[in-house]
Amino acid sequence: MEEKLKELKNRLQEIYDLECASSVLGWDQNTYMPPGGGPARARQLALLRRLSHEKFSSPGIGKLLDDLQPYEESQPYDSDEASLIRVTRRKYEKAVKVPPSFTAEMARHGASSRNAWVEARPKNDFSMVEPYLEKSLELRQQLADYFPGYEHVMDPLIDYSDYGMKVSDIKLLFGELKKELVPLAEKIASQEPPDDSCARQHFPEEKQLMLGLEVAKRIGYDFDRGREDKAPHPFATRFSIDDVRITTRVLEDDVRGALFATMHESGHAMYEQGVKKEFEGTPLGRGTSSGVHESQSRLWENLVGRSRGCLSYFYPRIQEVFPEQLGSVPLETFYRAVNRVSSSLIRVYADEVTYNLHVMIRFGLEIELLEGNLPVRDLPEAWNEGYRKELGITPPDDKDGVMQDIHWYGGGIGGGFQGYTLGNIMNAQFYEAVLAAHPEIRSEIEKGKFSTLYDWLRENIWQHGSKFTTHELVERVTGGPISIEPLVNYLKTKFGEIYNLK
Ligand code: ZN
């Protein structure tokens with residue numbers, strides 16, 4: 001059995017390395033690649049994805065998994081060995097249903113579509129991306145059809161990123177959350193909004209980048225095993241547990257954007273850096289789902305980063321870096337500015353209360369597109385209608401409307417967006433659990449000590465990589481199922497205080 005397990009690991013290592021090589025190409029594509037590199041890059045990504053898929057779905061892997069089944073059953077469920085075999089089998093059974101040539105086509109199309117978006121967005125020209133979106137939709141529907149018997153066409157797509165979740169569960173959860181968020185947002189909107197002009201001054205890019213790096217290091221992102229570059233849309237990626245990178249984007253007229261985006265991406269990166277070393281080179285060696293991933297990034301960005309305690313620690317340094325802009329601005333004014341709630345156009349810059357409404361609008365549009373009830377050509381108008389209805393604002397153009405970020409234009413429509421709100425729901429659950437175990441964390445953060453929190457997250461969440469499903473992890477960490485209550489309590493308490501709500 002040991003021989004077979006070793007052989008399985010050797011094969012998985014090669015697949016992992018091919019996947020990481022395509023991640024390097026993807027990282028380069030979004031950071032340094034000149035526009036002319038686009039077509040060749042699409043071809044190269046397609047080749048690597050096809051090769052890794054071919055290797056992973058080969059009968060040899062299937063045979064090893066069959067042979068190892070008795071061994072798996074003889075081991076405890078949560079042992080590393082049983083988990084490796086179980087998780088690999090789950091992924092293998094999905095992989096064999098999809099032809100490698102189709103995976104290659106998706107990769108090629110995703111890269112071409114991304115190139116079209118990069119060109120179309122500054123021109124505010126939706127017609128340039130429309131055919132790509134149509135093709136993406138077609139491919140996503142086709143991908144779902146490799147898994148017949150689904151309840152909803154988006155379920156098999158969600159399964160890739162948030163295994164174990166279905167449209168029906170998510171609709172229920174989102175419906176409950178919306179019932180709480182809308183009245184809260186309305187109550188807040190009836191109050192005088194805090195003055196955030198202190199954050200909207202000129203903040204030179206270079207200094208913002210320096211500050212972001214300092215903060216990322218301080219909270220625990222290990223730069224011996226990471227780095228930061230600039231990109232049109234911030235993201236985190238990893239080439240091994242010891243090489244996990246982030247990117248950022250700076251707005252010179254608003255100090256909040258890069259600072260909190262950097263904390264966000266650092267949260268993703270610390271999760272990947274915190275995975276148990278022994279899982280490297282296997283399907284266990286990465287974060288378990290997009291929801292849990294977002295729970296970690298949003299935890300650092302919001303629950304920690306936008307808290308009064310954390311800002312009271314970092315603010316003197318922020319003032320030191322920007323003395324002209326913030327030297328005479330009191331901490332409380334800055335705290336209220338970074339927690340200003342107002343309907344806005346761009347999801348990634350949205351406040352904690354309205355953010356989930358952005359996600360829900362998009363999740364709803366994805367469902368309509370995939371169900372075939374919304375033609376791609378009507379998408380910009382449907383987008384604007386969603387923003388009018390749910391947030392009370394109308395995007396002035398498609399650039400900051402339907403084309404605002406890369407997600408749909410990387411080829412993926414459906415199966416990704418639920419993760420953002422699931423992450424917000426879970427981050428409040430996880431934070432409640434860690435504060436119950438270590439109430440001293442609040443006062444430690446005020447002093448710039450993040451290690452108790454960091455260690456707890458690594459111990460309870462990060463190190464497990466993909467060993468546990470989202471549901472299993474939430475159950476283990478919080479002792480219960482996914483629940484919106486901690487998030488709702490957190491938002492009501494925090495913003496009730498800031499806005500003097502009764
Ligand atoms: Zn994220």
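Just so it is clear, the structure is predicted and the values come from calculations on it, not from any experiment. Along the sequence shown, residues are numbered consecutively beginning with 1. Just follow the structure's listing: the first ligand is 1, and inside any ligand the first atom is 1.
- Using a 4.0 Å cut-off between charged side-chain N and carboxylate O, Arg388 and Glu385 make a salt bridge.
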Mind listing the side-chain donor-acceptor pairs of residues 394-401 below 3.5 Å, one per line with the distance, residues two or more places apart or on another chain?
unit_1 : atom_1 : unit_2 : atom_2 : d
Asp397 : OD1    : Lys399 : N      : 3.4
Asp397 : OD1    : Asp400 : N      : 3.0
Asp400 : OD1    : Arg121 : NH2    : 3.0

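- Closest approach between the Zn ion (ligand 1) and any N/O/S atom of Glu294 involves OE2.
- Taking the six-membered ring where the residue is Trp, Trp462 and Trp300 present tilted rings, their angle falling between 30° and 60°.
- At least one N/O/S atom of His264, from backbone or side chain, sits under 2.8 Å from the Zn ion (ligand 1).
- Under the 6.0 Å cut-off for aromatic ring centres, Tyr420 and His407 qualify, their centroids lying closer than that.
- Checked against the Zn ion (ligand 1), the N, O or S atom of His268 at the shortest distance is NE2.
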